[in-house]
Novice: 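Sharing a structure here in structure tokens format.
What you are looking at is a predicted structure, and each value in this text was computed from that prediction instead of being measured.
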Amino acid sequence: MGGRRRAHGVAAAAASCLELGSLAGDGPGSVSTASVCSAFSYLDGDTEDIQVDEFERRLDALFEKRGATREKALESLAVMLRVDYRADNCLSHSETLTSRCLVALKRGSAVESSLASQLLGLHILTLGQADDRLFQTLRQELERSAIGSTGGGAAVQMAAIDTLALAAFVLAEDESGTRAVMDRLRALWGKGDAKARAAAVRGWSFLLTSLDNQLRDDEATACLAALAGLMDERDLELRTAAGEAAAVLRCSCSEGILSSLAEADKEEDADEEEEEEEEEDHIHESNGSGGGGGRSKGAGGGCRAGRRLAECDNGGGRMGELVEKMQDLALNKGDKLRRSRRERASQRSTFRGLLGALSGEAVPECRIKLQHGDMLTVEGVAATHRLAFLRRFLAGGFQAHMQHNPLLHDVFGFQPRTGRPERLTPAEKRLNRSCHSAESKARTANRQWSRDAKASRLEFGY
């Protein structure tokens, strides 16, 4: 019975296809013979001629009701955009991809929201063009996920923060949008999970490298103080992110800001010294003994250190205190938490490098060998920090995007080779590089003539 029903269904479908084929004409509603043949091939079970785009198939799976299916589709699409540069797919399906990711951010689970944020970031990097309308569309929902309003934990916040920073970096048409996102990220430094706070610091410093105009004096001072406070945190990743951000901010500050910070340091030290002298004189007058004065001096020094730490936590820190903290971290001093040998070595090497960059003794440099043998060389604190952020986000897909993505070519000012240089054949190597080649023989004859000429000069006493 089942076979008869299936045969009847196939026959009915074939009849309908023949009827559609008979209606083929020159009008806009005509059906081509190729479509009829494809229908017959599908009915016969021959699917070799039917080619379904994998990207579109995964995109269609985002409309499924089952959450596990959508998560798998998001993960597959993220892998496709990460390991390959698919500008055509992103341009043709931009609205669908954006809308489905926003729905996943609003209503999806923690895993789905995190994957949707990653996919949006890869989509933005692939597009690579400023689009303020798309930026405003994504910004509100990404900010909600970044501050943790949608739930899901630190993983969702970190993914949303990275994508928000990339959206401001690529899509924002002016600095006002970038600075607004930087202010939002800076508000996340002092609360929440340590990993999410570290991601907010990295995103803020990444956007700082893209600004054409420098921060105001009060903004730079407040940021330096906040970063100095973050270096007292127990989480190593947060400490490292704060140190790197401080180095980027220090290198981006003008000489006027640095001189104002130095003058503020001198004035603050002078005021504190006057206060200490007044306290000592008052204690000497009341007690009349030198021993009490010695004890009061020690107490005054402790108060001074406490006031400095309090001012640093409250936003009144200065560059000198920040450098002192970085020096302590480079020597693994003042860390009461027991850490592994690997963590201590990582902290020591990171802050030693940052101190060298701040002092100007060593310029940070990074070299990456690309696909066709050429070398990408990046120098400077801001450039290496920008490179580290993009490499961290793209992970294993950095080579593919650096090879084909025009956005990364503009960011790093580097145009890689489109193909490998032609290699010499064995016969050409023998003709050009062998010791019996004409070039090699000429070089040998020239050296022999030079040696003979030198010997003749020495023989005649020249």
Novice: Between His123 and Cys101, is any pair of side-chain heavy atoms under 4.5 Å apart?
Specialist: no
Novice: I'd like to know if the side chain of Ser113 and the backbone of Ala104 have a donor-acceptor N/O pair within less than 3.5 Å.
Specialist: yes
Novice: Hey, is the main chain of Thr126 close enough, under 3.5 Å, to the side chain of His401 for a donor-acceptor pair?
Specialist: no
Novice: How far does CG of Leu249 sit from CG of Leu215, to the nearest 0.5 angstrom?
Specialist: 6.0 Å
Novice: With a 4.5 Å cut-off on side-chain heavy atoms, are Phe169 and Thr178 touching?
Specialist: no
Novice: Would you say Gln399's side chain and Lys369's backbone share a donor-acceptor pair under 3.5 angstrom?
Specialist: yes
Novice: Do Thr377 and Phe414 make a side-chain contact, defined as non-hydrogen atoms from C-beta onward lying under 4.5 Å apart?
Specialist: no
Novice: What are the two closest heavy atoms between Leu355 and Ala330, and how far apart are they?
Specialist: CD1-CB, 3.9 Å
Novice: Donor-acceptor pair, distance only, cut-off 3.5 Å: does the side chain of Ser346 make one with the backbone of Arg342?
Specialist: no
Novice: Taking all heavy atoms of Ala165 and all of Leu207, pick out the closest pair and write down the distance.
Specialist: O-CD2, 3.3 Å
Novice: Would Glu343 and Arg239 count as a salt bridge (charged side-chain N to carboxylate O under 4.0 Å, His left out) here? Give the steps.
Specialist: CA-CA 12 Å; Glu343 288 181 345; Arg239 284 183 174 184; over 6 Å; no
Novice: If only atom types and distance count, is the side chain of Ser437 paired as donor or acceptor with the main-chain N or O of Ser434 below 3.5 Å?
Specialist: yes
Novice: Mind running side-chain contact (heavy atoms from CB on, under 4.5 Å) on Leu171 and Gln136 for me, showing each step along the way?
Specialist: CA-CA 9 Å; Leu171 301 177; Gln136 297 299 333; over 6 Å; no
Novice: Looking at Arg447, I want to see if its CZ is surrounded by more than 12 non-hydrogen atoms of other residues, nucleotides or ligands under 6.0 Å.
Specialist: no
Novice: Do other residues, nucleotides or ligands put more than 12 heavy atoms under 6.0 Å from the CD atom of Gln129?
Specialist: no
Novice: When you check the side-chain N and O atoms of His372 and Thr418, is any donor under 3.5 Å from an acceptor?
Specialist: no
Novice: List the atom of Gln118, the atom of Thr163, and the distance in Å for their closest heavy-atom pair.
Specialist: N-OG1, 4.2 Å
Novice: Which atom names give the shortest non-hydrogen contact between Val201 and Ala241, and what distance separates them?
Specialist: CG1-O, 3.4 Å
Novice: So do Leu166 and Phe206 actually touch side chain to side chain, heavy atoms under 4.5 Å?
Specialist: yes
Novice: Take atom CD of Gln448 as the centre, draw a 6.0 Å sphere, and report whether it contains more than 12 heavy atoms from other residues, nucleotides or ligands.
Specialist: yes
Novice: Which distance, rounded to the nearest 0.5 Å, do you find between the CZ of Arg82 and the CG of Leu125?
Specialist: 10.0 Å
Novice: How about CZ on Arg417, more than 12 heavy atoms from neighbouring residues, nucleotides or ligands closer than 6.0 Å, or not?
Specialist: yes
Novice: Please answer whether the main-chain N or O of Ala453 pairs with a side-chain N or O of Ser456 as donor and acceptor at a distance below 3.5 Å.
Specialist: yes
Novice: With side-chain contact (heavy atoms from CB on, under 4.5 Å) as the test, would you mind laying out the steps for Arg186 and Met182 before giving the verdict?
Specialist: CA-CA 6 Å; Arg186 184 183 164 190; Met182 290 176 65; over 6 Å; no
Novice: What I'd like to find out is whether the side chain of Met80 reaches to under 4.5 Å of the side chain of Leu122, using heavy atoms alone.
Specialist: no
Novice: Let me confirm one number: the CD-CG distance from Glu143 to Leu188, rounded to the nearest 0.5 Å.
Specialist: 9.0 Å
Novice: Please indicate whether Arg184 has more than 12 foreign heavy atoms, meaning atoms of other residues, nucleotides or ligands, lying under 6.0 Å from its CZ.
Specialist: no
Novice: May I ask you to test the Phe398-Leu387 pair for a side-chain heavy-atom distance under 4.5 Å?
Specialist: yes
Novice: May I ask you to decide if Trp189's main-chain N or O and Arg197's side chain share a donor-acceptor pair within less than 3.5 Å?
Specialist: yes
Novice: Is there side-chain contact between Met158 and Ser117, with heavy atoms separated by less than 4.5 Å?
Specialist: no
Novice: Is there a donor-acceptor pair under 3.5 Å between the side chain of Arg70 and the backbone N or O of Glu112?
Specialist: no
Novice: Might you confirm whether atom CG of Asp88 has over 12 heavy atoms from other residues, nucleotides or ligands at distances under 6.0 Å?
Specialist: no
Novice: To the nearest 0.5 Å, how far apart are CG in Asp84 and CZ in Phe55?
Specialist: 10.5 Å
Novice: Could you walk me through whether Ile124 and Leu138 pass side-chain contact (heavy atoms from CB on, under 4.5 Å), step by step?
Specialist: CA-CA 10 Å; Ile124 291 168; Leu138 301 177; 3.8 Å; yes
Novice: Would you sort out whether Lys195 and Asp235 count as a side-chain contact (heavy atoms from CB on, under 4.5 Å), showing the intermediate values?
Specialist: CA-CA 8 Å; Lys195 303 296 182 183; Asp235 187 74; 3.6 Å; yes
Novice: If only atom types and distance count, is the side chain of Glu233 paired as donor or acceptor with the main-chain N or O of Ala194 below 3.5 Å?
Specialist: no
Novice: Does Arg392 form a salt bridge (charged side-chain N to carboxylate O under 4.0 Å, His left out) with Glu237? I'd like the steps, not just the answer.
Specialist: CA-CA 14 Å; Arg392 183 188 184 96; Glu237 186 177 353; 3.2 Å; yes
Novice: Any luck finding a side-chain donor-acceptor pair between His385 and Ser205 under 3.5 Å?
Specialist: yes
Novice: Looking only at heavy atoms, which two atoms of Asp374 and Pro416 are closest? And how far apart?
Specialist: OD2-CA, 3.1 Å
Novice: Assess, by modelled atom type and distance only, whether the side chains of Gln347 and Arg344 contain a donor and an acceptor separated by less than 3.5 Å.
Specialist: no
Novice: Please examine the side chains of Met402 and Ile368, heavy atoms only from C-beta on, and report whether any two atoms are closer than 4.5 Å.
Specialist: no
Novice: Between Asn405 and Tyr85 (side chain of the first, backbone of the second, donor and acceptor by atom type, cut-off under 3.5 Å), is there such a pair?
Specialist: no
Novice: Kindly check if the number of other-residue, nucleotide or ligand heavy atoms within 6.0 Å of CD (Glu75) is above 12?
Specialist: no
Novice: Taking all heavy atoms of Leu105 and all of Leu120, pick out the closest pair and write down the distance.
Specialist: CD1-CD1, 4.0 Å
